[in-house]
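Quick note: numbers below take in every heavy atom, side chains included, and nothing from hydrogens, waters or symmetry partners. Convention: sequence-line order gives letters A, B, ...; per-chain numbering from 1.
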Protein chains: 2
Amino acid sequence: MSLSEDLKSEENESSSELDLTSPISRAFHVLDVVAGFGGPARFADVQKASPLPKATLSRMLRQLEGEGMLIFDEGSQRYRLGLRLIRLAHAAWESASLVEVARPVIDALAERFGMTVHLACLDAFQVLYLDKRVPRPIIRMFSSPGRIGPAYCTGVGKAMLAFLPDRDREEAIARQSFTRHTPHTLTTPEALRAVLATIRERGFAFDDEEHENTIICVAVPILAPGGAVLGALSVTTTTHVSSLDALAAMAPVLKGAAADIATAARMQMLG
Amino acid sequence: MSLSEDLKSEENESSSELDLTSPISRAFHVLDVVAGFGGPARFADVQKASPLPKATLSRMLRQLEGEGMLIFDEGSQRYRLGLRLIRLAHAAWESASLVEVARPVIDALAERFGMTVHLACLDAFQVLYLDKRVPRPIIRMFSSPGRIGPAYCTGVGKAMLAFLPDRDREEAIARQSFTRHTPHTLTTPEALRAVLATIRERGFAFDDEEHENTIICVAVPILAPGGAVLGALSVTTTTHVSSLDALAAMAPVLKGAAADIATAARMQMLG
DNA sequence: ACTTGCAGTTCCATTCAATGGAACTTAGTT
DNA sequence: AACTAAGTTCCATTGAATGGAACTGCAAGT
């Protein structure tokens, strides 16, 4: 814990009067404020931390929400950073010049010494950590987060589609590309609709080599108490080491895990 | 490889005529284009992928660079996503509601089944992966990347400061907060300057419990052939399991690793 | 050496998006 | 019911952003 959690940003913002003339500066400033707040921020929180007038902030926040850079949670009346930012994030991190080339070196060091390895660079006279390797497997990571994938031919995608409200589900189906990736890929809306019905009954989804040969997975949706689709969870393996039957046997555990996450998410909303 | 690398975004952009009226929409659009390009993009690359007129793009790109959202590499005359985005990224990911609460559940599942576990949500009718756990330790991660830390009391920070050009170094020193974190923290510019001189001679830096008690590390700068500071690399441990002497013994290996990274980075620039 | 073409920047008059003070709505409080 | 706080909408004003065109710099072709 201490080894990995000791990196909180502590030093003050370089503060010196930001410009905030152009709308673009203002937009990023607002994002910084929301990000800096740590958790979901109310309008007033943002206002307190920003010199911008109320009217301007109000419009800016809603515009940023429209852009997908912020998410406004109706329930808690709070803004948090949006998914579009995570996508950009991923791309930024991937293209951070050192990250890519340093990866194998960092792996080797971590293994050789059995200790935590950091890669950093300087940004505005502070240390910006770019990568980290710890010897034990613990850990969240960022190789997938930020990536996007097709919904119609992945386990998590189908698990979520299946439990969408009818209206949304049809719109989502209409937006799928139905590109064939493997012989098993579902390539028509009808086929997908049928599979989704099965998933809805069964409560979990498979990916039976639909996206990539030999890759199979079982996935469950994470559903809010009201039934809203929060996300999905999957366990992936290959046909070489396991089978759909074996994966199906895991489904109950996965469902329990999804329920746990939904509960925890609910707690977080209230807390 | 196939299990972790199968997530390239393949489906086309939802394409449908973006608005691009407000400057803010345009700004994010440009970021998306640069991000979508994969690697560093030249002006012409961006122009080809965007309906915006040359003049507008030119200004926009430079403004985004000024904001720190893009980095313009003089050498290759290319734009890539900036470090500010990585900072925001980190905050966005941390605050993605599911990530936090799902973490322990994902850990447990990965361990229990010994298989890859994914957490995803739906974004614009596609799957957006939020987290992933693989049973084996491999892996890049994103718990530190994006975090910022003080330069004057971390190994990587001091390693980089030490090798900055005099002018930059003095400015950087002037910008440090010199907040005391532990009894060992350097709290004056003079003390730091002295230590940096030692580091410059010796070629590597220690963090001798200066940021957090019992945490020690050894760090080396990553220097470009011309001497420019590209970044830094560190190995961290605790006083309970190791010592500065033991860390010092690793310095030559670290230096070699840093040199490898610098070389690889150089290759990448040319290629 | 001269020319042509391409890549990118600067100019500047025009315009429309952004602005912000104030009025207004909504929700919560005494 | 009156009051306070939180947030949104209004609208006349303004200046930031715009983009066509002219300009610069560079590299390849003749």
Can you list the steps and then say if B/L223 with B/L230 is a side chain to side chain contact (heavy atoms under 4.5 Å, CB included)?
CA-CA 6 Å; B/L223 301 174; B/L230 297 178; over 6 Å; no
Could you check B/L64 against A/F28 for side chain to side chain contact (heavy atoms under 4.5 Å, CB included), going step by step and ending with a plain yes or no?
CA-CA 10 Å; B/L64 288 172; A/F28 291 131; 3.6 Å; yes
Could you walk me through whether A/L196 and A/I173 pass side chain to side chain contact (heavy atoms under 4.5 Å, CB included), step by step?
CA-CA 10 Å; A/L196 293 183; A/I173 292 173; 4.0 Å; yes
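For the pair B/R26 and A/Y79, both in contact range of DNA chain D, the more 5′-proximal nearest nucleotide belongs to A/Y79.
Residues passing the side chain to side chain contact (heavy atoms under 4.5 Å, CB included) test with B/L57 are B/V30, B/F43, B/V46, B/Q47, B/S50, B/L52, sequence neighbours excluded. With sequence neighbours excluded, no residue forms a salt bridge (charged side-chain N to carboxylate O under 4.0 Å, His left out) with B/R26.
Counting only heavy atoms from C-beta outward, the side chains of A/T179 and A/P150 never approach each other to under 4.5 Å.
Only B/K54, B/A55, B/S58, B/R62, listed by number, bring a heavy atom of residues 52-62 of chain B to less than 4.0 angstrom from any atom of DNA chain C.
Remark: C1' of D/dA17 and CD1 of B/I24 are 12 Å apart, rounded to the nearest angstrom. Regarding A/L20, its CG atom lies at a distance of 16 Å from the C1' atom of D/dG15, rounded to whole Å.
End-to-end axis angle for the helix from C/dA1-D/dT30 to C/dT30-D/dA1, using five pairs per end and rounding to 10°, comes out at 30°.
Heavy-atom contacts of chain A under 4.0 Å fall on DNA chain C between two terminal nucleotides, which in 5' to 3' order are C/dA18 to C/dG21.
Note on ring orientation: taking the six-membered ring where Trp is involved, the planes of A/H181 and A/H211 are perpendicular (angle over 60°, cut-offs 30° and 60°).
A distance-only check finds no donor-acceptor pair linking the side chain of A/R80 to the backbone of A/I71 [under 3.5 Å].
A salt bridge links A/E171 with A/R175: the closest approach of a Lys/Arg side-chain nitrogen to an acidic carboxylate oxygen falls below 4.0 angstrom.
The stretch residues 42-58 of chain B participates, sequence neighbours left out, in these salt bridge (charged side-chain N to carboxylate O under 4.0 Å, His left out) pairs: B/R42-B/D45.
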